[in-house]
Amino acid sequence: MRRVQLYDTMSRETRLFQPRFPPRVGMFVCGLTPYDEPHLGHGRFAVVFDVVARALRHWGYRVFYVQNVTNLDDKVIRRASELGADPLELSAQHFRTWRRIQAAMNIESVDLYPFATDYVPEIREQIAELERRGFAYRADDGSVYYDIRRFPAYGRLSGQKIESLRAGARIEVDRRKRSPEDFVLWKAATPGEPSWESPWGPGRPGWHIEDTAITGRLLGPQYDLHGGGLDLIFPHHEAEIAQAEGASGLSPLVQYWMHNGLLMMSGEKMSKSLGNVASLESALEKFGAMPLRFYYLNAHYRSPLDFTPGESLEAAREAYDRLRAPYARIVAASHSASPSGEELSETLVAESGRIVGEIDDDLADDFRTREAVAKLFVWSRKVFELEDRFSRLSVGALETLAAPYEWAESVLGLFADVDAGAGTSLDPVVRAAIAARGRARTRGDFAEADRIRDELAAAGIRLEDGSDGTRWSLEAPRGAG
RNA sequence: GCCAAGGUGGCAGAAUGGUUAAUGCGACGGACUGCAGAUCCGUUUCUUGGGGGUUCGAUUCCCUCCCUUGGCUCCA
């Protein structure tokens, strides 16, 4: 099995990846609370863990990737009541948007999107188990709390000590809790809000319990990989550990904790509560899915990523176009290539193989996507140098040129937009227009030539004159395509 | 206050105890072009937050200070 290293938040070091039962990998990522439109920060975690799953599968692991959906919590309820909507319908609606966006972004690696409210029996069962084992207590109002004092390891993931949490003045004083740090497992019902029956009276799940109930059911009491945003480490993931390990008596809950860095907007974290969000969907419409993926993968997943409106995605689009163009031309040329065409030099063949090996190594070293991208750019320069020969190259030679891009296509999920253009049914039509323009140019009628070019441009077809004739391409697909 | 992450050229953003610190965007000049675009060639800019230490040698290791961000409240 491929040697893979990844950084584990718990041990704070890069460790060799060893799933419990290779080649199977149980992977869980904290998904959204869909009470509003997703923003650019959400796109980051989605792409990051999509690449993790893709890469592991590429290396032969059989990954079962679960991304939960917190379809009911305080925020969903609050927003729904503001809108006069049903909370579960509201979150279902926003989840559909999320799924649509993920599909548009070429994210198909998630096997299951479990809804919190579909796991109420498992949640009740886990709370009951925690109660039996003495980790939970009932409050007077019918809520159930986790008793943090019973779980000494609480704080290990985040490096926090319970005593120092006390100093944080922001913990609300709540008379119902034994310790201020205790968190709610089962929230007593409020009239008008969704609730379920339970041994403790009607209520609904607390925020943290759904994840461990879901993973307990789907991945077992112990599994391999848990991912999420850096901002979830405390208290959310800390609480997950306390719940799962408390209920099962088994430790550790997960072998590897992966956390992605946050998207920053003018020096601050982009978040709904700060109101400094940029809509993911409109970025997708304006720039297209591939430039967006490129933008995320152009940084290491653990680093903070600075987003500058009117700049970051524009630059990403330019850069991505440069990466995509040579591959698109290889693909176009291969439509009409023959097996007996020219071959590449041995040096180039070797280099193609070497680059694929290197970028594969980069990914296996804690997913250094930026390194892989930089090497693809170097390769692109070499490919462009051969461009004049494309039409004469053999099928095999073109495949060799395409190999690094194909690797990126399957592991990084880039270049899903490459096939559009030459070779499609539009080709004969566009060629006729190009020929007409060519005649106009020959006789010096540049006004007519430019008119033809402009009209095609208006239809999204771009012409470029080169030494070997005129080439055409479709504008990069936009929106959900 | 406590915990954690980060400070690299105009911008984004890599990397390494040791030749000229990637890559891309941008800018400038040149080639090519009827023009445009793309491409190619060249140029542009960082002595890697400040200070100290370890070392033959540090951007990379250690200490300290400053600054930024995140977490301690919902949050990818």
Separation of atom CG in A/Asn68 from atom C1' in B/A76, rounded to whole Å
11 Å
Rounding to a whole Å, what distance do you find between A/Phe307:CZ and B/C11:C1'?
14 Å
Would you indicate which nucleotide in B/A76, B/A14, B/C35 comes nearest to any side-chain atom of A/Asp465?
B/C35
Judged by each residue's nearest nucleotide on RNA chain B, which is more toward the 5′ side, A/Asp231 or A/Arg368?
A/Arg368
A/Arg3 atom CZ, neighbour heavy-atom count above 12 within 6.0 Å
no
Does B/C2 have a Watson-Crick or wobble partner in any strand here, with both distances under 3.5 angstrom, and which is it?
B/G71
Nearest whole Å is fine: how far is B/A36 P from A/Ile452 CD1?
19 Å
Determine: side-chain N/O of A/Thr9 to OP1/OP2 of B/A4, distance under 4.0 Å, yes or no.
no
What is the distance, to the nearest angstrom, from the NE2 atom on A/His259 to the C1' atom on B/C3?
14 Å
Integer-rounded Å distance: B/A14 C1' and A/Phe377 CZ:
13 Å
A/Arg78 (side chain) and B/C74 (base): donor-acceptor pair under 3.5 Å
no
Under 5.5 Å centre to centre and under 30° between planes: does that hold for A/Phe45 and the six-membered base ring of B/A76?
no
Starting at atom CG of A/Asp306, determine the distance to atom C1' of B/C25, rounded to an integer number of angstrom.
15 Å
So if I take every side-chain heavy atom of A/Ala319 and compare against B/C11, B/A76, B/G24, which nucleotide ends up nearest?
B/G24
Pick the nucleotide of RNA chain B nearest each of A/Tyr320 and A/Met264; which residue has the one closer to the 5' end?
A/Tyr320
Choosing from B/A76, B/A22, B/G34, which nucleotide comes nearest the side chain of A/Arg437?
B/G34
B/G26, B/A76, B/C2: which one has an atom nearest the side-chain heavy atoms of A/Gln160?
B/C2
Mate of B/G24 across any strand shown (Watson-Crick or G-U wobble, both atom pairs under 3.5 Å) is B/C11
Is A/Arg322 close enough to B/C40 that one of its side-chain N or O atoms is under 4.0 Å from OP1 or OP2 there?
yes
Identify the residue among A/Leu305, A/Leu262, A/Val277 that makes a side chain to side chain contact (heavy atoms under 4.5 Å, CB included) with A/Met270.
A/Val277
Quick check for you: among B/C74, B/A76, B/U23, whose closest atom lies nearest to any side-chain atom of A/Val378?
B/U23
Output the rounded distance in Å from CD1 (A/Ile233) to C1' (B/U69).
13 Å
Options B/G37, B/C2, B/G24, nucleotide nearest the side-chain atoms of A/Arg370:
B/G24
If pairing requires Watson-Crick or G-U wobble contacts with both distances under 3.5 Å, which nucleotide is the partner of B/U48?
none
Classify the angle between the aromatic ring planes of A/Tyr295 and A/Phe307 as parallel (below 30°), tilted (30 to 60°) or perpendicular (above 60°).
perpendicular
In the strands shown, is B/U16 matched to any nucleotide by a Watson-Crick or G-U wobble pair with both distances under 3.5 Å, and which?
none
Nucleotide nearest A/Ala299 when distance is taken to its side chain, options B/A76, B/C72, B/A14:
B/A14
Nearest to the A/Glu371 side chain among B/A12, B/C74, B/A14, which nucleotide is it?
B/A14
NA contact type, A/Leu323, heavy-atom cut-off 4.0 Å: base, sugar-phosphate, or nothing?
nothing
Please state the C1' separation for the pair B/C41 and B/C32 - nearest whole angstrom.
11 Å
Over-ring placement of A/Arg329 relative to A/Phe390, 6.0 Å and 45° cut-offs:
no
Looking at A/Arg462, does any N or O in its side chain come under 4.0 Å of the phosphate oxygens OP1/OP2 on B/A36?
no
Passes ring-ring contact (aromatic ring centres under 6.0 Å, His included), A/Phe64 versus A/Tyr223? Steps please.
CA-CA 11 Å; A/Phe64 185 52; A/Tyr223 57 99; over 10 Å; no
To the nearest angstrom, how far is A/Lys269 atom NZ from B/C74 atom P?
11 Å
Given B/A76, B/G71, B/A38, identify the nucleotide with an atom nearest to the side chain of A/Phe234.
B/G71
From A/Asp365, A/Asp8, A/Asp366, residue fulfilling salt bridge (charged side-chain N to carboxylate O under 4.0 Å, His left out) relative to A/Arg15
A/Asp8
Taking only the side-chain heavy atoms of A/Glu464 (C-beta and beyond), determine which of B/G37, B/A76, B/C35 contains the nearest atom.
B/G37
State whether A/Arg317 and A/Glu314 are salt-bridged, where the test is any N-O pair (Lys NZ or Arg NE/NH1/NH2 against Asp/Glu carboxylate O) under 4.0 Å.
no
